[in-house]
Amino acid sequence: MACFFCQRNIKEIDYKDTRLLSRFTSSLGKIKSRKKTRLCAFHQRQIAKAIKRARTMGLLPYLLK
Ligand SMILES: [Zn+2]
């Protein structure tokens with residue numbers, strides 16, 4: 001089965017789309033593992049990159065307490 005982004009034919013994940021990114025973080029704000037996200041290897045890398053970028057830009061928290 002194709003992953004979430006493959007299905008939608010999305011190649012570049014927008015790091016500013018925090019609503020989308022938050023779907024791939026746990027309730028604690030951690031990046032979900034590939035087992036949970038069910039993304040392909042390529043998009044798992046992309047989502048991790050986008051989330052890290054969003055954190056750097058202050059759009060997403062590092063860890064929620
Ligand atoms: Zn994919």
Side-chain angles (χ1 to χ4, degrees):
M1 201 188 79
C3 87
F4 179 89
F5 295 103
C6 286
Q7 273 177 38
R8 287 157 184 78
N9 206 17
I10 296 169
K11 297 233 169 60
E12 294 232 351
I13 299 168
D14 184 5
Y15 71 90
K16 295 187 252 30
D17 193 349
T18 51
R19 258 185 76 181
L20 177 71
L21 297 185
S22 61
R23 290 177 62 150
F24 299 97
T25 58
S26 71
S27 54
L28 289 173
K30 290 173 80 174
I31 301 169
K32 284 184 186 168
S33 68
R34 225 182 113 196
K35 242 184 193 168
K36 285 185 184 154
T37 61
R38 312 192 70 178
L39 296 180
C40 66
F42 173 77
H43 281 114
Q44 180 70 27
R45 269 203 309 277
Q46 295 294 304
I47 198 76
K49 232 172 80 182
I51 289 168
K52 281 171 189 163
R53 182 121 196 243
R55 283 171 176 166
T56 307
M57 307 298 259
L59 301 174
L60 278 183
Y62 282 84
L63 274 184
L64 300 172
K65 294 209 175 119

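All figures in this text were calculated on a predicted structure; none of them were measured in a lab. Values reported hereafter were calculated over all heavy atoms of this structure, with side chains retained and with hydrogens, waters and symmetry mates removed. Indexing begins at 1, ligand by ligand and atom by atom, following the structure's order.
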With under 30° as parallel and over 60° as perpendicular, where do the rings of F5 and F24 fit, or are they tilted in between? tilted

Under 4.5 Å between any side-chain heavy atoms of I31 and Q44, yes or no? yes

Which residues pass the side-chain hydrogen bond (donor to acceptor under 3.5 Å, both in side chains) test with T25, sequence neighbours left out? none

Residue pairs, two or more places apart or on separate chains, that pass salt bridge (charged side-chain N to carboxylate O under 4.0 Å, His left out) and touch residues 20-41: none

Near the Zn ion (ligand 1), which protein N/O/S atoms are found at less than 2.8 Å? C3 SG, C6 SG, C40 SG, H43 ND1

Which residues share a side-chain hydrogen bond (donor to acceptor under 3.5 Å, both in side chains) with K16, sequence neighbours left out: D14

Under 4.5 Å between side-chain heavy atoms, counting indirect links through other Ile/Leu/Val/Met/Phe/Trp/Tyr residues: same cluster for I10 and L20 or not? yes

